[in-house]
A.B. asks: 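Quick one: the structure is below, questions incoming.
All of these numbers come straight from a predicted model, not from anything done at the bench. In what follows, residues are counted from 1 in the order of the sequence shown.
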Amino acid sequence: MLPLSLLRTAENHPMLVELKNGETYNGHLASCDHWMNLNLREVTLTSRDGDQFWKIPEVFIRGNTIKYLRIPDEVIDMVKEEEHKRGGGGGRGRGRGRGRGRGDRGRGGGRRGGGRGRN
């Protein structure tokens with residue numbers, strides 16, 4: 001499951017965001033982008049100490065300041081169901097061929113034995 005697909009599915013659902021500076025934001029995800037910048041609405045901001053609270057109608061959070069996100073289990077289940085319907089991920093790549101490197105091209109072995117190189 002990819003983080004951005006998880007965030008896209010979580011739109012309009014509640015979530016908790018903790019920043020690297022210790023502040024926490026509880027609200028509903030309005031939108032997100034490729035850099036994990038978030039727009040939350042109906043937000044409750046909690047200070048680092050946990051002793052002060054603020055109600056904010058809307059807030060923008062820059063993605064590189066996020067420490068972690070807490071997303072409801074129902075959203076995670078929705079993403080798993082979507083992946084299952086699509087034939088679900090877990091693939092080993094997109095292209096064709098043998099993978100990385102030159103591989104054995106039928107010329108008598110790689111590094112050891114059989115080739116024209118030193119043994």
A.B. asks: Tell me if the CZ atom of Arg62 is crowded by more than 12 foreign heavy atoms within 6.0 Å.
C.D. replies: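 12 or below, so no.
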A.B. asks: Looking at every non-hydrogen atom in both residues, tell me the closest pair between Pro14 and Pro72 and how far apart they are.
C.D. replies: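 Taking Pro14 first and Pro72 second, the nearest heavy atoms are O-CD, 3.1 Å.
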A.B. asks: Less than 4.5 Å apart, side chain to side chain, heavy atoms only: is that true for Glu11 and Cys32?
C.D. replies: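 Answer yes - side chains close enough.
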A.B. asks: Show your working on side-chain contact (heavy atoms from CB on, under 4.5 Å) between Asn12 and Leu29 and close with a plain yes or no.
C.D. replies: CA-CA 5 Å; Asn12 299 317; Leu29 181 63; over 6 Å; no
A.B. asks: For Arg41 and Glu58, run salt bridge (charged side-chain N to carboxylate O under 4.0 Å, His left out): C-alpha distance rounded to whole Å, both residues' side-chain angles, the deciding distance at 0.1 Å, then the answer.
C.D. replies: CA-CA 4 Å; Arg41 56 183 168 74; Glu58 191 171 4; over 6 Å; no
A.B. asks: I'd like to know if the side chain of Asp49 reaches the main chain of Asp51, judged simply by a donor and an acceptor atom lying under 3.5 Å from each other, with no hydrogens or angles considered.
C.D. replies: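 Not confirmed, Asp49 side chain does not pair with Asp51 backbone.
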A.B. asks: Any side-chain heavy atom of Leu7 sitting closer than 4.5 Å to one from Met36?
C.D. replies: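 In short, these two side chains touch, coming nearer than 4.5 Å.
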A.B. asks: For a 4.5 angstrom cut-off between non-hydrogen side-chain atoms, does Asn26 reach Met15?
C.D. replies: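 A side-chain contact under 4.5 Å is absent here.
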A.B. asks: Using modelled atom types only, decide if a donor and an acceptor are shared between the side chain of Asn39 and the backbone of Ala30 within a distance under 3.5 Å.
C.D. replies: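 No.
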A.B. asks: Is there side-chain contact between Glu74 and His13, with heavy atoms separated by less than 4.5 Å?
C.D. replies: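 The answer is yes; the side chains approach within 4.5 Å.
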A.B. asks: Counting C-beta onward and ignoring hydrogens, is there a side-chain heavy-atom pair between Lys20 and Thr65 closer than 4.5 Å?
C.D. replies: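 With C-beta onward as the side chain, the pair stays apart.
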A.B. asks: Could you tell me which non-hydrogen atom of Ser5 sits nearest to which non-hydrogen atom of Val79, and how far apart they are?
C.D. replies: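 Where Ser5 meets Val79 most closely, the heavy atoms are O-CG2, 4.2 Å.
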A.B. asks: Please examine the side chains of Thr24 and Val17, heavy atoms only from C-beta on, and report whether any two atoms are closer than 4.5 Å.
C.D. replies: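 A side-chain contact under 4.5 Å is absent here.
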A.B. asks: Could you state whether Met78 and Ile76 fall into the same hydrophobic cluster, counting links through intermediate Ile, Leu, Val, Met, Phe, Trp or Tyr residues with side-chain heavy atoms under 4.5 angstrom apart?
C.D. replies: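 Hydrophobic grouping puts Met78 apart from Ile76.
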A.B. asks: Give me the atom names and distance for the closest heavy-atom approach of Ile71 to Ala10.
C.D. replies: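 The pair with the smallest heavy-atom distance is CG2-CB, 4.2 Å.
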A.B. asks: For Tyr25, which of Thr44, Leu16, Leu19 qualifies under side chain to side chain contact (heavy atoms under 4.5 Å, CB included)?
C.D. replies: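 So, applying the side chain to side chain contact (heavy atoms under 4.5 Å, CB included) to Tyr25 and each of Thr44, Leu16, Leu19, only Leu19 qualifies.
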A.B. asks: Report yes if some heavy atom in the side chain of Leu69 is under 4.5 Å from a heavy atom in the side chain of Leu38; otherwise report no.
C.D. replies: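 Sidechains of Leu38 and Leu69: in contact.
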A.B. asks: Ignoring hydrogens and geometry, is there a side-chain-to-backbone donor-acceptor pair from Arg48 to Asn21 under 3.5 Å?
C.D. replies: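 At least one qualifying donor-acceptor pair exists.
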A.B. asks: Quick check: do Ser47 and Phe53 have side-chain heavy atoms less than 4.5 Å from each other?
C.D. replies: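 No; the side chains remain at least 4.5 Å from each other.
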A.B. asks: How many angstroms lie between atom CG of Asp73 and atom NZ of Lys80, to the nearest 0.5 angstrom?
C.D. replies: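 The NZ atom of Lys80 is 8.5 Å from CG of Asp73, to the nearest 0.5 Å.
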A.B. asks: Does CZ belonging to Arg70 count more than 12 external heavy atoms closer than 6.0 Å?
C.D. replies: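 It does not: Arg70 CZ has 12 such atoms or fewer within range.
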